[in-house]
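This report refers to the structure that appears directly beneath it.
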There are 2 protein chains.
Amino acid sequence: MDRDTTDRRILRTKRMLRQALTELMEEKGFEALTVSSLTERADINRGTFYIHYQDKYDLLDKCEDEILKEFERIVREGFPTQQNDYRKLVQTDPLPHILKLVEYLSDNSAFLKTILGPKGDPSFQEKLKDLMKKNLTVLIEQRLSDSPIPTDYLIAYVSSANLGVIQHWLKSGMNESPREIALILSRLTILGPGIEAGLN
Amino acid sequence: MDRDTTDRRILRTKRMLRQALTELMEEKGFEALTVSSLTERADINRGTFYIHYQDKYDLLDKCEDEILKEFERIVREGFPTQQNDYRKLVQTDPLPHILKLVEYLSDNSAFLKTILGPKGDPSFQEKLKDLMKKNLTVLIEQRLSDSPIPTDYLIAYVSSANLGVIQHWLKSGMNESPREIALILSRLTILGPGIEAGLN
DNA sequence: ACGTTAATCAACACAGTGTTTATTAAATAG
DNA sequence: CTATTTAATAAACACTGTGTTGATTAACGT
C-alpha cells in the first residue's frame with residue numbers, strides 16, 4: 001500500500017503543518033509567515049518539513065488543491081443534468097449543488113477566509129473562478145441568444161461576481177446561513193445579468 | 001519648497017525604482033522579487049532604497065496609492081450628478097467617467113495586469129472594489145425598491161463583477177478598445193443584475 | 001519481534017535584510 | 001558662478017531565514 005498515505009507519522013506531520021498554516025495565515029497572512037514559524041507552531045522539526053514540501057508555497061498549493069478537488073467533486077456529482085427552467089424554483093430555493101458547495105465553504109471557513117482575503121492568494125481566486133467558468137459556460141452557452149456582450153466577458157462577470165459574494169460573506173462574519181447565501185448565488189446567477197444579456 | 005518632491009535626484013530614484021518594480025513583477029511576480037534585485041535593476045545603491053522606502057511592501061503601497069488617487073480623482077470629477085435614466089444611452093455609449101477610467105487603466109496596463117493577476121496583490125483588488133462600492137452605493141440605493149437580496153451583497157456582487165471584467169480584459173491581451181470595455185461595464189452595471197434585484 | 005523508515009538534532013553555506021559609516025557627486029539657493 | 005546643502009554611493013556589520021546533509025533515535029506496519 002502507499003506508505004505515504006497510511007503511515008500515521010506522515011499523516012500527523014501533514015495534519016499539524018496544515019493546521020499551523022491555517023492558524024498563522026489568520027494571524028499574520030501568508031507572506032509574513034516562515035517555514036521556521038510553521039514548524040515551530042506545529043511542533044515539528046524544520047528538517048522534516050522539507051521531506052514533505054519544497055517550501056511554504058508548495059504547502060499552500062497542496063492545501064488549496066485539496067479544497068479545489070472537493071469543490072470539483074461536489075459540482076460534478078450535483079450538477080443539473082436535465083435542462084430545466086430554474087426561474088421558478090429559485091424564487092424560494094437554492095440550487096442543491098450550490099447549497100452543498102456553500103456548506104463546504106462554511107466547514108473550511110477559517111482557511112478560506114484568509115486565502116480569499118486581502119492577505120491571501122490571488123492565484124487561488126483565479127483557480128476558483130476557473131472552476132466556476134467551466135460550469136457556467138455549459139449553463140450559459142446553451143441558453144444564449146444574441147447578446148451584445150461577448151460570452152467570455154459575461155462569464156468573467158458572473159464568476160467574479162459569485163466569488164465576490166462569497167468573499168463578502170466570509171469577510172463580514174458569516175451572519176447568513178449557508179442556505180441564504182446559496183439562494184443569493186442561485187438567484188443572481190439564474191435571474192441576474194441573464195435577462196439583460198439576451199438569455200431566453 | 002518641499003525638497004522631497006522637487007530634487008531631481010530623488011525623483012529619478014523613485015522613478016527608476018517604480019519602473020524596476022513593474023518590470024520585475026511582470027517577470028516573476030511580486031513575492032519572488034527582492035530589494036536587492038530591485039535596486040540592481042534600477043541601477044540604484046541598495047542603501048538608497050531604504051532612504052525612501054521601508055521595504056518592498058512600502059514601495060508597492062506607494063505605487064498602488066498613486067493609481068488609486070488618480071482613480072478617485074477621475075470618479076469624483078466625472079460622476080453623474082443629476083439622476084438620469086441611463087438605460088437608453090447605454091445601449092450605444094459608455095458612461096463618460098467609466099470610459100475615462102478604463103483609458104487610465106489602459107495607460108497603466110503593465111503595472112495593473114500584474115497587480116490584478118494571479119501573482120498580484122489581493123489587497124489592491126479589495127481597495128479597488130471598495131472604491132467601486134462607494135460609488136455604487138449611491139447609484140443603487142437611491143433606485144432600490146424591494147429586493148429579496150440584501151443591498152450589501154448586491155453591491156459586493158456588482159463591484160466584484162466589474163473587477164472581473166477588467167481582469168479578464170487585461171489577462172486576455174486587451175484585444176478590445178477601452179471604449180468597448182467601458183460599454184460592457186456600463187451596460188452590465190446599469191441594465192445587468194439591476195432588473196432582477198428589483199430596481200425600477 | 002524485526003526490518004523499515006519517519007522524525008530529530010546539529011551543523012553547514014548561502015541569500016537577503018536593514019542599518020551605519022565615511023566619502024563622493026549633484027542639485028539648489030543666493 | 002560659487003558655496004552650501006544633501007542625495008547617492010560603497011563597504012561593512014549583525015541578523016534572520018533558507019535549503020541541505022549526516023548521524024542518531026523512535027515509531028510504524030507486517
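Every chain is numbered from 1 and lettered A, B, ... according to where its sequence line falls, protein lines coming before strand lines.
Annotation: the span from A:Gln19 atom CD to A:Leu38 atom CG amounts to 11.0 Å, rounded to 0.5 Å. Atom-to-atom distance recorded for A:Ser160:OG and B:Gln125:CD is 8.0 Å, nearest 0.5 angstrom.
When the P atom of C:dT17 is taken as reference, atom CG of B:Asp58 falls 14 Å away, rounded to whole Å. Atom-to-atom, CG of A:Leu59 to P of D:dT18 comes out at 12 Å; the value is rounded to the nearest Å. As a whole-Å value, the separation of A:Asp7 CG from D:dG29 P is 5 Å. D:dT9 atom C1' lies 17 Å from atom CZ of B:Phe49, rounded to whole Å. Taking atom NZ on A:Lys14 and atom C1' on D:dC28, their separation rounds to 16 Å, with Å as the unit. Remark: C1' of C:dG18 and OH of B:Tyr57 are 15 Å apart, rounded to the nearest angstrom.
Every pair passing salt bridge (Lys or Arg N to Asp or Glu O under 4.0 Å) that includes a residue from residues 161-183 of chain A is listed here, sequence neighbours excluded: A:Asp93-A:Arg179, A:Lys171-B:Glu126. The ring-ring contact (aromatic ring centres under 6.0 Å, His included) contacts involving residues 17-43 of chain B comprise B:Phe30-B:Tyr57, where partners must be two or more places apart or lie in separate chains.
For B:Thr22, there are no side-chain hydrogen bond (donor to acceptor under 3.5 Å, both in side chains) partners two or more places apart in sequence or in a different chain. Partners of B:Phe124 according to the ring pair (Phe, Tyr, Trp, His ring centres under 6.0 Å) rule, which considers only residues two or more places apart in sequence or in another chain, do not exist here. Taking the side-chain hydrogen bond (donor to acceptor under 3.5 Å, both in side chains) definition, one finds that A:Glu40 meets it with nothing, sequence neighbours left out. Annotation: side chain to side chain contact (heavy atoms under 4.5 Å, CB included) contacts of A:Val75 (sequence neighbours excluded): A:Phe79, A:Leu101, A:Asn135. The salt bridge (charged side-chain N to carboxylate O under 4.0 Å, His left out) search around A:Glu72 returns A:Lys134, not counting sequence neighbours.
At a threshold of 4.5 Å between side-chain heavy atoms, the hydrophobic network of Ile, Leu, Val, Met, Phe, Trp and Tyr places A:Tyr53 and A:Ile44 in two separate groups. Under the 4.5 Å side-chain contact rule for hydrophobic residues, B:Leu163 and A:Leu154 share a cluster.
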Pick out the pairs of N or O atoms, protein on one side and nucleotides 8-10 of chain C on the other, that lie under 3.5 Å.
unit_1 : atom_1 : unit_2  : atom_2 : d
C:dT8  : OP2    : A:Asn45 : N      : 2.8
C:dT8  : OP2    : A:Thr48 : OG1    : 2.8

Could you list the protein-to-nucleotides 22-26 of chain C atom pairs, N/O on both sides, closer than 3.5 Å?
unit_1 : atom_1 : unit_2 : atom_2 : d
C:dA26 : N3     : B:Arg9 : NH1    : 3.1

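The side chain of A:His52 contributes an N or O atom lying less than 4.0 Å from OP1 or OP2 of C:dA7. For B:Tyr50 and C:dG18, the shortest distance from a side-chain N or O to OP1 or OP2 is below 4.0 Å.
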Listing, residues 103-120 of chain A side-chain donor-acceptor contacts under 3.5 Å, not counting sequence neighbours, or none:
unit_1   : atom_1 : unit_2   : atom_2 : d
A:Ser109 : OG     : A:Ser106 : O      : 3.3
A:Thr114 : OG1    : A:Ala110 : O      : 3.3

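Within residues 30-40 of chain B, no residue has a heavy atom under 4.0 Å from DNA chain D.
In DNA chain C, the stems built from three or more successive Watson-Crick or G-U pairs (distances below 3.5 Å) are C:1-11 with D:20-30, C:13-17 with D:14-18, C:19-30 with D:1-12.
The closest donor-acceptor contact from the side chain of A:Lys127 to the backbone of A:Leu68 lies at 3.5 Å or more, if one exists at all.
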